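Comments concern the structure below.
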Amino acid sequence: MDREESPNDASPPRTPRPPRNAKAECSICSNLDIRILRKSRWRHHGLTLGERKWTFNVLASDLESQIATCKYCAFLCDALREYEDDSDLDDWKMQDEDERWVGITGKDSGILELSCDKLNLQLYTRGISTPWHTTGKLGYIHEDPLSNQSIQVLLTWIQECTGQHPRCAMTSPARLPSRVINVGPANGSKQPFLYNSRGETRQYATLSYCWGDVQPMTTTRATLRQREAGIDFWELPKTFQDAIFTTRRLGLTYLWIDALCIVQDDKNDWQKESAKIAAIYHGSHITISATTAPDCASGFLSLRDNEDDAELQFVGDNGVQQSVFARKYVHEHHVPFNKPPSTYDEPEPDQDDFPVLKRAWCWSERRLATRVLHFLEDEMIFECATSSRCECMALDERANGVKRDFATMAEHNDQPYAKDMWKKLITEYTQAGMTLPKDALPALSGIAKLMRAPLMGNYFAGLWTGHLHELLLWQSAPGQDCHRAMHYQAPTFSWASRIGPVTYIPWDTTQKMCFVSFLEASAVLKTADPDGEVSNGWIRVKGRLTPAMLNCYYDHANNLTCLIEAKEGITQFEPDAVEDVDGETGKIVYCLPIVSNPPKYAGGDVGRIWTLVLRQAKKVPNAFKRIGITSGIYMRNLDRDSAHLYA
C-alpha cells in the first residue's frame with residue numbers, strides 16, 4: 001500500500017493515551033496476556049489455548065470502545081488503521097449486522113497476528129523483547145537474505161537440526177559425490193572449479209532448481225577439463241551464481257549442481273551419476289532450493305521489501321516506549337510447506353509462485369534431501385524431517401510438512417499400509433511436470449530405494465510385486481490431458497507408460513476377493529540403475545478373460561465417452577490415454593477381473609469388480625496391453641482356473 005503523502009497532507013490525529021494502571025485487566029483483550037486469558041476464558045469468543053499459541057476473536061467496535069482505557073486495544077486499533085485503505089480490508093469499523101470480527105493470535109515466538117476480513121497482519125519488534133506477555137525469538141526479516149543477521153538465522157536452524165533432531169542425524173558421515181564444485185574462498189578471490197573427489201568425507205551443499213527454457217552452462221566431454229581448471233563465475237547463469245554465493249556464506253566449500261557435475265553428453269556418466277541422486281541429496285549438509293525461479297537464468301537472491309512495514313509506538317508496563325512493526329502476512333505462501341497428511345494425496349494449491357515445487361526431479365530432491373532451504377521472494381523457509389521454520393516465525397515448526405510426512409513413510413515402509421503411502425506418492429508425483437517423459441522412472445528412483453522393504457516385494461517399472469492387486473488399480477485423472485509417451489518408457493500396466501496425473505481406485509482392502517494370481521512380474525533394465533529406465537516388462541497372470549466390443553464417441557461438447565459391451569452388460573470405462581481408443585470403435589477388447597468386495601447375494605454372485613480393459617498385442621502371441629480400467633461389469637461364478645496370459 002502506498003503511504004506517501006504530499007507536504008500539505010495532514011496525518012490523522014492519534015487518539016491520546018491517558019495514563020493507565022498497568023495492572024488493570026481489560027475485559028476485551030485481557031492485556032494480550034495468556035495468564036489472564038486462562039482465568040477469563042469464558043468471556044472470549046472462539047478462544048483456544050494451545051501449547052504454543054493462543055487465539056480469540058473480538059468485535060472491532062469493542063476494541064474501539066476501549067481506546068481510552070486500554071493501551072493494548074488502542075494499539076491494535078492503531079495497527080488496523082495503518083491498513084484501513086488496503087484492498088484486503090473493507091471498512092473494519094462497520095456497525096450492526098455488518099460488524100467486523102478481529103482475530104487475535106499470540107505465539108510463543110513473540111509474534112502477534114491480527115486478521116480482519118481478508119487482511120492478515122503480523123506485529124513484531126526488532127529488539128530483544130516484546131511489549132506483550134509472550135516469549136521467544138522475533139520474526140524480523142532483513143532485506144538482504146545473505147546479511148549477517150539472515151545467515152545467523154540459517155545457521156541456527158541448521159545447528160538445531162544437526163544437534164537436536166535424531167531423525168535428521170546421518171547414520172554415517174557423508175562422502176563427497178564423484179564431482180563437486182569447489183566454490184572458492186568467501187571473498188571470491190579465486191574462481192570456482194570442478195573438483196574430482198576421492199570419496200573423502202566432507203560437508204557439501206546441493207542445488208535444486210528448474211532448468212526452464214534457458215539452457216544452463218553444462219559440463220560436456222569437450223569442456224570437462226576446462227571446468228576442472230576453473231569456471232568463470234560471471235559466465236554462470238544467475239541461479240548458479242546465487243547458489244555459490246549462498247554456499248560461501250554458509251561456510252561450505254563444495255556445491256553439487258547436476259548440470260556441471262554430470263557430463264551431460266556422456267550417456268554412461270549420466271546413467272552412473274543419476275543413479276546416485278538419492279545418496280547425493282540425502283548426504284548433503286543443506287539443499288539450496290531456488291523455489292521461486294522459473295529457470296536457471298532468473299536467480300533467487302533479491303532484496304526483500306520491508307519498507308511497507310508500518311512502525312507503531314507502544315509504551316510498555318515499565319514506561320519505556322518501544323517501536324512495534326506491522327506487516328501484511330499471506331497465509332497461502334506457507335501452505336505447501338505446512339501440509340497435513342490428510343491432504344497428502346490432494347493437489348497442491350496454486351503454485352505459480354513456486355515453480356520448483358511443480359517439477360518432478362525437484363519433487364524427488366525435496367523429499368530425498370536431509371535439509372532444504374527455500375528462497376522465496378519475501379523470506380526463507382527451512383525444512384527438515386523433523387520441523388519446518390520460516391523467518392517470519394508464523395510457520396508451525398512441528399506441523400506435518402511434506403518432508404516430515406515423507407520421512408514417516410520411509411520409516412514405516414515395512415508396514416502393511418506402506419502400499420497406501422506409495423499410492424499417495426505416485427498420485428502427487430504424477431502431477432509434477434517433466435521436460436523429458438523418459439525421466440519418469442529415473443526421477444523416482446531415489447524414492448523407490450528409500451521405500452524398499454520385504455513387505456513391498458520387488459520394485460519394477462513403478463510397481464511393487466508385493467501389492468500388485470492394488471497397485472494395478474490406477475486410472476488417468478478425469479478431465480486431465482493424459483496421453484501415451486511418444487517413445488517406450490514403461491509397460492502399459494504401469495502408470496509410467498503414459499503422461500499425466502493418476503489417481504487410485506479406493507476400495508476396502510480388508511475384505512477383498514481376488515480373481516487373478518500373479519505368476520511372474522519382471523522388467524528389463526535399460527541402465528545400471530535397478531530402479532531406473534526399462535526397455536520391456538511383463539506380468540504373467542492366471543485369471544479369466546471376457547471379450548467385449550469397444551464403442552467410443554464424442555458428444556456435442558467434444559467430450560470423449562468410452563463404452564465396452566460384453567455379455568454381462570454395457571459399462572463405461574476410463575481409457576488410460578486417448579490414443580488407446582481413438583478410431584478403435586467396433587474393435588474387440590478383453591476384460592480381466594482383478595478384485596472385488598465380498599459377495600452381495602447368495603448363489604455365487606459377486607458385486608462390482610475392478611477390471612482391467614486389455615487389447616491383444618500385435619507382435620507377441622497370447623500377450624495383451626492395458627488400455628483402461630472399469631468397475632461396471634458384474635459377473636457370475638468367476639473361474640480362476642483359466643488359461644495363462646501376458647499383460
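The basis for the numbers below is simple: all heavy atoms, side chains too, and nothing from hydrogens, waters or symmetry mates. We're numbering straight along the sequence, starting at 1. Everything quoted here is computed from the prediction, not taken from an experiment.
The aromatic rings of W54 and F56 lie parallel to each other, with less than 30° between the two planes, well short of the 60° mark. Below 30°, between 30° and 60°, or above 60°: for F75 and F314 the angle between ring planes is above 60°, a perpendicular geometry.
At least one donor-acceptor pair closer than 3.5 Å links the side chain of Y429 to the backbone N or O of A440. Within the 3.5 Å criterion, the main-chain N or O of T218 finds a donor-acceptor partner in the side chain of R227. Between the side chain of Y254 and the backbone N or O of T206 there is no donor-acceptor pair closer than 3.5 Å. A donor-acceptor contact shorter than 3.5 Å links the side chain of Q241 to the backbone of L236. Listed for the T223 side chain is no donor-acceptor partner under 3.5 Å among the backbone atoms of T219. The main-chain N or O of E533 is never found under 3.5 Å from a side-chain atom of K438 such that the two would form a donor-acceptor pair. The backbone N or O of C168 lies less than 3.5 Å from no partner atom in the side chain of T370, so there is not a single donor-acceptor pair. In this structure a side-chain-to-backbone donor-acceptor pair under 3.5 Å is missing from T105 to E113. When atom types are taken as modelled, the side chain of T430 and the backbone of V502 share a donor-acceptor pair closer than 3.5 angstrom. Put simply, the side chain of D295 gets close to the backbone of S298: a donor and an acceptor are under 3.5 Å apart.
With respect to the salt-bridge test (charged N to carboxylate O, under 4.0 angstrom), the residues D242 and K238 qualify. Remark: D269 engages R179 in a salt bridge, criterion side-chain N to carboxylate O under 4.0 Å. Using a cut-off of 4.0 Å between Lys/Arg side-chain N and Asp/Glu carboxylate O, D529 and K449 are scored as salt-bridged. Salt bridge status for R389 with E160: present, with a side-chain N to carboxylate O gap under 4.0 Å.
If you check the side chains of R359 and T435, you find a donor sitting under 3.5 Å from an acceptor. S289 and S208 are not linked by any side-chain donor-acceptor pair at a separation below 3.5 angstrom, with hydrogens and angles left out of the test. For the 3.5 Å distance criterion, the side chains of S178 and K272 fail to qualify, holding no donor opposite an acceptor. A donor atom on one side chain and an acceptor atom on the other are found under 3.5 Å apart for S323 and E311. Between the side chains of R498 and S476, at least one donor N or O sits under 3.5 Å from an acceptor N or O. No donor-acceptor contact under 3.5 angstrom links the side chains of T287 and E365, judged on distance only. In this structure, a donor-acceptor pair under 3.5 Å is present between the side chains of D309 and Y124.
Taking CE of M380 as the start and NE2 of H374 as the end, the distance is 12.5 Å to the nearest 0.5 Å. The distance from the CG atom of L301 to the CG atom of L146 is 5.0 Å, given to the nearest 0.5 Å. Between atom CG of residue L368 and atom OG of residue S445 there is a gap of 9.0 Å, rounded to the nearest 0.5 Å. A distance of 5.5 Å separates CG of L32 from CG of L112, quoted to the nearest 0.5 Å. For the atom pair L121 CG and I104 CD1, the distance stands at 11.5 Å (nearest 0.5 Å). A distance of 8.0 Å separates OH in Y83 from CG in L119, rounded to the nearest 0.5 Å.
Between D266 and L224 there is no side-chain heavy-atom pair separated by less than 4.5 Å. Taking the side chain as every heavy atom from C-beta outward, C161 and T386 never approach each other to under 4.5 Å. Using a 4.5 Å heavy-atom threshold, the side chains of S150 and R249 count as separate. Side chains of T291 and V372 form no contact here, defined as non-hydrogen atoms less than 4.5 Å apart. Between F354 and T292 there is a side-chain heavy-atom pair separated by less than 4.5 Å. The shortest side-chain heavy-atom distance between S387 and H165 falls under the 4.5 Å cut-off. Side-chain contact between R371 and H285 is present, with heavy atoms from C-beta onward closer than 4.5 Å. Side chains of F240 and E235 form no contact here, defined as non-hydrogen atoms less than 4.5 Å apart.
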Item to complete: Go through I277 and W361 one step at a time and tell me if the side-chain contact (heavy atoms from CB on, under 4.5 Å) criterion holds.
Response: CA-CA 10 Å; I277 291 291; W361 278 103; 4.3 Å; yes
Item to complete: Test L194 against I181 for side-chain contact (heavy atoms from CB on, under 4.5 Å), laying out the working first.
Response: CA-CA 5 Å; L194 194 61; I181 301 165; 4.3 Å; yes
Item to complete: Take W422 and I447 through the test side-chain contact (heavy atoms from CB on, under 4.5 Å) and record every step on the way to the result.
Response: CA-CA 10 Å; W422 182 256; I447 303 294; 4.2 Å; yes
Practice prompt. Determine, stepwise, if the pair E82 / L312 fulfils side-chain contact (heavy atoms from CB on, under 4.5 Å).
Written response: CA-CA 9 Å; E82 288 289 335; L312 310 169; 3.7 Å; yes
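In plain terms, the two heavy atoms of E391 and W157 that are nearest each other are N-CH2, 3.6 Å. Annotation for Q489 and A496: closest pair NE2-O, 2.7 Å, computed over non-hydrogen atoms. Taking every heavy atom of both residues into account, P294 and C210 meet most closely at O-CB, 3.5 Å. The nearest pair of heavy atoms linking A290 to Y209 is CB-CB, 4.2 Å. Nearest heavy-atom pair across A243 and I288 is O-CD1, 3.9 Å. For A278 against G446, the heavy-atom pair with the smallest separation is CB-CA, 3.4 Å.
Cation-pi check for R367 over W363 is met; the charged atom lies under 6.0 angstrom from the ring centroid and within 45 degrees of its normal.
Centroid-to-centroid, the aromatic rings of Y204 and W256 stay 6.0 Å apart or farther. You'll find the ring centres of F245 and F233 inside the 6.0 Å limit.
Enclosure of atom CD in E228 by more than 12 non-hydrogen atoms of other residues, nucleotides or ligands within 6.0 angstrom is indicated. In this structure, D213 places its CG atom where only 12 or fewer heavy-atom neighbours from other residues, nucleotides or ligands lie under 6.0 Å away.
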